[in-house]
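One structure is given here, and the rest of the page talks about it.
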Amino acid sequence: MAEEVTISVQDVQKSFKVYFDKGNMLKERILFPDRNRFERREVLCGISFQCRRGEAVGLIGRNGCGKSTILKLLSRILRPNGGSIVVNGRVSSLIELGAGFHMDMTGRENIYINASIFGLGKKEINKRMDEIIRFSELGEYIDNPVRTYSSGMYMRLAFSVAIHVDADILLVDEILAVGDVNFQQKCFKRLKEIKAAGTTIVIVSHAMEQLYEICDRLIWIDEGRIRADGDVRQTAAAYLEEMQKKQ
(Lines give C-alpha, C1' and ligand atoms only; values in the text may rest on other atoms or scores of the structure.)
Protein backbone atom coordinates (compact mmCIF):
# COMPACT_ATOMS: atom_id res chain seq x y z
CA MET A 1 0.00 0.00 0.00
CA ALA A 2 2.96 2.33 0.63
CA GLU A 3 3.56 2.51 -3.12
CA GLU A 4 -0.05 3.40 -3.97
CA VAL A 5 -0.27 6.50 -6.17
CA THR A 6 -2.75 8.98 -4.70
CA ILE A 7 -2.02 11.97 -6.99
CA SER A 8 -1.11 11.80 -10.67
CA VAL A 9 -0.50 15.03 -12.60
CA GLN A 10 0.26 14.62 -16.30
CA ASP A 11 1.31 17.47 -18.61
CA VAL A 12 -0.96 19.98 -16.85
CA GLN A 13 -1.31 23.46 -18.27
CA LYS A 14 -3.11 26.40 -16.71
CA SER A 15 -3.55 29.94 -17.97
CA PHE A 16 -5.59 32.96 -16.92
CA LYS A 17 -7.02 35.94 -18.75
CA VAL A 18 -5.46 39.17 -17.47
CA TYR A 19 -7.55 42.19 -18.51
CA PHE A 20 -5.87 45.54 -19.10
CA ASP A 21 -8.99 47.54 -18.16
CA LYS A 22 -12.12 45.45 -17.86
CA GLY A 23 -15.49 47.23 -17.98
CA ASN A 24 -17.94 46.05 -15.35
CA MET A 25 -21.19 47.09 -17.05
CA LEU A 26 -22.60 45.86 -20.36
CA LYS A 27 -22.90 49.48 -21.52
CA GLU A 28 -19.19 50.05 -20.88
CA ARG A 29 -18.27 46.90 -22.79
CA ILE A 30 -20.29 48.00 -25.83
CA LEU A 31 -19.20 51.65 -25.88
CA PHE A 32 -15.55 50.99 -25.03
CA PRO A 33 -14.63 47.60 -26.53
CA ASP A 34 -10.90 48.29 -26.21
CA ARG A 35 -11.28 48.25 -22.44
CA ASN A 36 -11.96 44.50 -22.64
CA ARG A 37 -8.57 43.65 -24.12
CA PHE A 38 -6.67 40.99 -22.25
CA GLU A 39 -3.61 38.83 -22.46
CA ARG A 40 -3.50 35.14 -21.64
CA ARG A 41 -0.93 34.48 -18.95
CA GLU A 42 0.52 30.98 -18.75
CA VAL A 43 0.91 29.95 -15.12
CA LEU A 44 1.65 26.24 -15.56
CA CYS A 45 3.35 25.04 -18.72
CA GLY A 46 2.94 21.28 -18.84
CA ILE A 47 3.96 19.90 -15.44
CA SER A 48 3.92 16.22 -14.45
CA PHE A 49 4.49 14.50 -11.11
CA GLN A 50 3.07 11.81 -8.83
CA CYS A 51 2.59 11.53 -5.08
CA ARG A 52 2.24 8.29 -3.17
CA ARG A 53 0.34 7.21 -0.11
CA GLY A 54 1.99 8.46 3.08
CA GLU A 55 4.36 10.75 1.20
CA ALA A 56 4.89 14.43 2.08
CA VAL A 57 5.84 16.59 -0.90
CA GLY A 58 6.84 20.24 -0.63
CA LEU A 59 6.36 22.76 -3.43
CA ILE A 60 8.93 25.57 -3.53
CA GLY A 61 9.57 28.49 -5.86
CA ARG A 62 9.32 32.26 -6.14
CA ASN A 63 6.00 34.02 -5.63
CA GLY A 64 3.85 33.70 -8.74
CA CYS A 65 5.57 30.58 -10.05
CA GLY A 66 2.40 28.45 -9.85
CA LYS A 67 2.63 26.65 -6.49
CA SER A 68 -0.74 27.74 -5.11
CA THR A 69 -2.35 27.18 -8.52
CA ILE A 70 -1.25 23.55 -8.33
CA LEU A 71 -2.94 23.13 -4.94
CA LYS A 72 -6.14 24.71 -6.25
CA LEU A 73 -6.11 22.33 -9.21
CA LEU A 74 -5.63 19.35 -6.90
CA SER A 75 -8.53 20.51 -4.71
CA ARG A 76 -10.69 21.09 -7.83
CA ILE A 77 -11.16 24.78 -7.11
CA LEU A 78 -9.66 25.33 -10.57
CA ARG A 79 -9.65 23.20 -13.71
CA PRO A 80 -6.64 22.76 -15.99
CA ASN A 81 -6.60 24.07 -19.56
CA GLY A 82 -4.76 20.97 -20.65
CA GLY A 83 -3.40 17.69 -19.32
CA SER A 84 -4.95 15.47 -16.65
CA ILE A 85 -5.14 15.26 -12.86
CA VAL A 86 -6.18 12.08 -11.06
CA VAL A 87 -6.73 12.27 -7.31
CA ASN A 88 -7.56 9.06 -5.43
CA GLY A 89 -9.32 9.54 -2.12
CA ARG A 90 -10.85 12.19 0.12
CA VAL A 91 -9.10 15.56 -0.09
CA SER A 92 -8.82 18.03 2.79
CA SER A 93 -7.28 21.44 2.20
CA LEU A 94 -5.88 24.46 4.00
CA ILE A 95 -5.40 26.76 1.05
CA GLU A 96 -6.79 30.17 1.99
CA LEU A 97 -7.07 31.33 5.57
CA GLY A 98 -10.73 31.57 6.54
CA ALA A 99 -12.01 30.37 3.17
CA GLY A 100 -15.43 28.80 3.57
CA PHE A 101 -16.03 30.40 6.96
CA HIS A 102 -19.35 32.14 7.53
CA MET A 103 -18.40 35.25 9.47
CA ASP A 104 -21.64 35.70 11.41
CA MET A 105 -21.81 32.06 12.48
CA THR A 106 -20.01 30.68 15.52
CA GLY A 107 -16.89 28.57 15.42
CA ARG A 108 -18.96 25.51 16.34
CA GLU A 109 -21.42 26.14 13.50
CA ASN A 110 -18.52 26.58 11.09
CA ILE A 111 -17.11 23.22 12.16
CA TYR A 112 -20.33 21.58 10.99
CA ILE A 113 -20.26 23.46 7.70
CA ASN A 114 -16.59 22.86 6.89
CA ALA A 115 -16.52 19.23 7.97
CA SER A 116 -19.60 18.53 5.85
CA ILE A 117 -17.84 20.10 2.84
CA PHE A 118 -15.04 17.59 3.39
CA GLY A 119 -17.59 14.77 3.31
CA LEU A 120 -18.48 14.04 6.93
CA GLY A 121 -22.06 13.44 8.06
CA LYS A 122 -23.58 15.05 11.15
CA LYS A 123 -23.13 11.94 13.31
CA GLU A 124 -19.45 11.74 12.38
CA ILE A 125 -18.97 15.43 13.12
CA ASN A 126 -20.68 15.07 16.51
CA LYS A 127 -18.28 12.25 17.43
CA ARG A 128 -15.26 14.42 16.59
CA MET A 129 -16.55 17.79 17.81
CA ASP A 130 -14.92 17.71 21.26
CA GLU A 131 -11.54 16.68 19.83
CA ILE A 132 -11.72 19.37 17.11
CA ILE A 133 -12.43 22.04 19.71
CA ARG A 134 -9.75 20.71 22.07
CA PHE A 135 -7.08 20.72 19.38
CA SER A 136 -8.04 24.23 18.20
CA GLU A 137 -7.58 25.57 21.77
CA LEU A 138 -10.46 27.97 21.19
CA GLY A 139 -12.23 26.95 24.39
CA GLU A 140 -15.03 29.35 25.30
CA TYR A 141 -14.51 31.29 22.05
CA ILE A 142 -15.88 28.39 20.00
CA ASP A 143 -19.41 29.76 20.41
CA ASN A 144 -18.47 33.31 19.40
CA PRO A 145 -19.03 34.61 15.85
CA VAL A 146 -16.05 33.86 13.60
CA ARG A 147 -15.87 37.56 12.61
CA THR A 148 -14.51 38.21 16.11
CA TYR A 149 -11.58 35.81 15.61
CA SER A 150 -7.97 36.82 15.02
CA SER A 151 -6.00 35.37 12.11
CA GLY A 152 -4.38 32.92 14.52
CA MET A 153 -7.79 31.72 15.71
CA TYR A 154 -8.88 31.27 12.08
CA MET A 155 -5.87 29.09 11.48
CA ARG A 156 -6.46 27.01 14.59
CA LEU A 157 -10.05 26.32 13.66
CA ALA A 158 -9.37 25.61 9.99
CA PHE A 159 -6.42 23.33 10.73
CA SER A 160 -8.25 21.44 13.43
CA VAL A 161 -11.19 20.67 11.15
CA ALA A 162 -8.95 19.70 8.22
CA ILE A 163 -6.95 17.13 10.18
CA HIS A 164 -9.99 15.47 11.76
CA VAL A 165 -11.85 14.43 8.60
CA ASP A 166 -9.73 11.31 7.92
CA ALA A 167 -8.56 12.63 4.55
CA ASP A 168 -6.42 10.55 2.21
CA ILE A 169 -4.78 13.75 0.91
CA LEU A 170 -4.06 17.00 2.77
CA LEU A 171 -3.14 20.18 0.88
CA VAL A 172 -1.50 22.99 2.87
CA ASP A 173 -0.60 26.48 1.56
CA GLU A 174 1.46 28.72 3.87
CA ILE A 175 -1.29 28.69 6.48
CA LEU A 176 1.07 27.41 9.16
CA ALA A 177 2.96 30.69 9.00
CA VAL A 178 0.10 32.14 11.08
CA GLY A 179 -0.15 31.67 14.82
CA ASP A 180 2.25 31.21 17.72
CA VAL A 181 5.30 28.96 17.64
CA ASN A 182 3.89 26.44 20.11
CA PHE A 183 0.78 25.86 18.03
CA GLN A 184 2.86 25.57 14.85
CA GLN A 185 4.92 22.84 16.49
CA LYS A 186 1.76 21.13 17.61
CA CYS A 187 0.45 21.25 14.02
CA PHE A 188 3.64 19.73 12.63
CA LYS A 189 3.56 16.96 15.19
CA ARG A 190 0.02 16.15 14.07
CA LEU A 191 1.02 16.32 10.39
CA LYS A 192 3.71 13.72 11.07
CA GLU A 193 1.14 11.50 12.78
CA ILE A 194 -1.35 11.59 9.92
CA LYS A 195 1.46 11.12 7.42
CA ALA A 196 2.58 8.00 9.31
CA ALA A 197 -1.03 6.80 9.16
CA GLY A 198 -0.93 6.99 5.35
CA THR A 199 -2.15 10.47 4.44
CA THR A 200 -0.46 12.11 1.45
CA ILE A 201 0.58 15.71 2.22
CA VAL A 202 1.34 18.39 -0.35
CA ILE A 203 2.60 21.57 1.28
CA VAL A 204 3.60 25.01 -0.01
CA SER A 205 5.90 26.98 2.26
CA HIS A 206 8.78 29.44 2.13
CA ALA A 207 9.92 28.21 5.57
CA MET A 208 12.61 25.69 4.64
CA GLU A 209 13.00 24.39 8.18
CA GLN A 210 9.34 23.32 8.12
CA LEU A 211 9.87 21.52 4.83
CA TYR A 212 13.05 19.81 6.09
CA GLU A 213 11.07 18.58 9.09
CA ILE A 214 8.21 16.88 7.28
CA CYS A 215 8.86 16.43 3.55
CA ASP A 216 10.18 13.33 1.77
CA ARG A 217 10.95 15.31 -1.37
CA LEU A 218 10.69 18.80 -2.85
CA ILE A 219 9.40 19.96 -6.23
CA TRP A 220 10.93 23.25 -7.39
CA ILE A 221 8.56 25.21 -9.65
CA ASP A 222 10.18 27.86 -11.82
CA GLU A 223 8.05 30.01 -14.13
CA GLY A 224 5.36 27.35 -14.45
CA ARG A 225 7.72 24.44 -15.05
CA ILE A 226 9.32 21.84 -12.79
CA ARG A 227 12.96 22.82 -12.38
CA ALA A 228 13.81 19.96 -10.00
CA ASP A 229 12.04 17.10 -8.21
CA GLY A 230 13.97 15.10 -5.64
CA ASP A 231 15.90 15.01 -2.37
CA VAL A 232 14.76 17.68 0.09
CA ARG A 233 18.16 19.07 1.07
CA GLN A 234 19.67 18.96 -2.41
CA THR A 235 16.67 20.56 -4.10
CA ALA A 236 16.43 23.25 -1.41
CA ALA A 237 20.15 24.01 -1.68
CA ALA A 238 19.94 24.40 -5.48
CA TYR A 239 16.88 26.65 -5.15
CA LEU A 240 18.41 28.86 -2.45
CA GLU A 241 21.64 29.19 -4.43
CA GLU A 242 19.64 30.31 -7.47
CA MET A 243 17.71 32.84 -5.39
CA GLN A 244 20.94 34.32 -4.02
CA LYS A 245 22.23 34.83 -7.57
CA LYS A 246 19.11 36.83 -8.45
CA GLN A 247 19.29 39.16 -5.47
Side-chain angles (χ1 to χ4, degrees), residues 1-9 12 49-59 67-79 85-101 107-138 154-179 183-205 210-211 213-217 219:
M1 291 294 288
E3 294 300 314
E4 178 186 347
V5 174
T6 52
I7 297 173
S8 180
V9 176
V12 165
F49 65 89
Q50 290 184 336
C51 301
R52 300 185 181 279
R53 185 175 184 269
E55 184 178 33
V57 178
L59 303 180
K67 305 184 301 294
S68 296
T69 299
I70 292 172
L71 292 191
K72 290 178 181 179
L73 289 166
L74 294 177
S75 63
R76 300 186 178 91
I77 294 174
L78 299 175
R79 292 182 179 275
I85 298 175
V86 178
V87 177
N88 298 312
R90 175 184 285 173
V91 178
S92 180
S93 60
L94 289 160
I95 294 181
E96 293 182 0
L97 188 63
F101 284 166
R108 188 184 303 273
E109 290 168 333
N110 273 282
I111 290 173
Y112 280 107
I113 293 170
N114 280 267
S116 65
I117 290 173
F118 290 137
L120 294 187
K122 188 173 182 180
K123 289 183 179 179
E124 290 179 290
I125 300 171
N126 286 337
K127 288 179 182 178
R128 303 173 200 205
M129 179 64 73
D130 289 344
E131 176 58 22
I132 292 173
I133 296 172
R134 186 197 65 77
F135 190 93
S136 73
E137 301 178 1
L138 289 176
Y154 275 135
M155 188 273 280
R156 292 181 182 203
L157 181 61
F159 186 89
S160 190
V161 174
I163 63 172
H164 285 92
V165 298
D166 294 339
D168 300 294
I169 298 164
L170 177 62
L171 310 174
V172 184
D173 188 2
E174 292 288 0
I175 191 171
L176 297 182
V178 180
F183 192 77
Q184 287 183 31
Q185 288 301 315
K186 178 180 173 180
C187 289
F188 266 87
K189 180 180 178 181
R190 189 53 185 266
L191 285 178
K192 290 178 181 178
E193 291 172 354
I194 64 176
K195 174 190 169 186
T199 298
T200 300
I201 300 172
V202 182
I203 181 169
V204 168
S205 178
Q210 292 182 346
L211 299 179
E213 189 175 344
I214 195 170
C215 291
D216 299 298
R217 76 184 217 259
I219 298 177

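Applying the side-chain hydrogen bond (donor to acceptor under 3.5 Å, both in side chains) test to S92 and every residue at least two apart in sequence or in another chain returns nothing. Applying the side-chain hydrogen bond (donor to acceptor under 3.5 Å, both in side chains) criterion to R190, with sequence neighbours excluded, gives no partner residue. By the salt bridge (charged side-chain N to carboxylate O under 4.0 Å, His left out) test, K192 is found to be paired with E213, residues two or more places apart in sequence or in another chain being considered. Here E55 pairs with R217 under the side-chain hydrogen bond (donor to acceptor under 3.5 Å, both in side chains) rule; sequence neighbours left out. Considering only residues two or more places apart in sequence or on other chains, K189 meets the side-chain hydrogen bond (donor to acceptor under 3.5 Å, both in side chains) condition with none of them.
Donor-acceptor pairing under 3.5 Å is recorded for the side chains of Y112 and N126. Between the side chains of S136 and S160, no donor-acceptor pair of N or O atoms lies under 3.5 Å. For the 3.5 Å distance criterion, the side chains of D173 and S68 qualify, holding a donor opposite an acceptor.
Inter-residue side-chain proximity for I7 and V86 is flagged as unmet; no heavy-atom pair is nearer than 4.5 Å. Residues I201 and L171 fail the side-chain proximity criterion, which asks for heavy atoms closer than 4.5 Å. Side-chain contact check for R128 versus D166: some heavy-atom pair is nearer than 4.5 Å. With a 4.5 Å cut-off on side-chain heavy atoms, T6 and D168 do not count as touching. Proximity of I85 to V12: side-chain heavy atoms (C-beta onward) are separated by under 4.5 Å at one or more points.
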Stepwise side-chain contact (heavy atoms from CB on, under 4.5 Å) test for L191 and L170:
CA-CA 9 Å; L191 285 178; L170 177 62; 3.4 Å; yes

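Shown here for C51 and V57, the closest heavy-atom pair between the two residues is SG-CG2, 3.8 Å. A pairwise comparison of heavy atoms in A56 and I214 identifies CB-O, 3.3 Å as the closest pair. Between I169 and N88 the shortest heavy-atom distance is CD1-O, 3.8 Å. Here the closest non-hydrogen pair linking C215 and I203 is SG-CG2, 3.7 Å.
Between F183 and F135, the angle of the ring planes goes over 60°, which puts this pair in the perpendicular group of the 30/60° scheme.
Note that CG of L94 and CE of M155 are 9.5 Å apart. Values are rounded to the nearest 0.5 Å. We find the CZ-CG distance between F101 and N110 to be 6.0 Å, quoted to the nearest 0.5 Å. Distance OG1/T200 to CD/Q50: 11.5 Å, rounded to 0.5 Å. A distance of 10.5 Å separates CZ in F159 from CD in Q184, rounded to the nearest 0.5 Å. Atom NE2 of H164 sits about 13.0 Å away from atom CD1 of I125, to the nearest 0.5 Å. Separation of atoms CD1 (I194) and CD1 (I163) is listed at 6.5 Å; rounding is to 0.5 Å.
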Side-chain donor/acceptor pairs under 3.5 Å, residues 69-79, sequence neighbours excluded:
unit_1	atom_1	unit_2	atom_2	d
K72	NZ	E96	OE2	3.0
S75	OG	L71	O	3.1
S75	OG	K72	O	3.2

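Between D216 and R52 there is no salt bridge, since no side-chain N of the basic residue sits under 4.0 Å from a carboxylate O of the acidic one. Using a 4.0 Å cut-off between a side-chain N of Lys or Arg and a carboxylate O of Asp or Glu, E124 and K127 do not qualify as a salt bridge.
In this structure, R90 fails the cation-pi test against F118, since its NZ or CZ atom is not both closer than 6.0 Å to the six-membered ring centre and inside 45 degrees of the ring normal.
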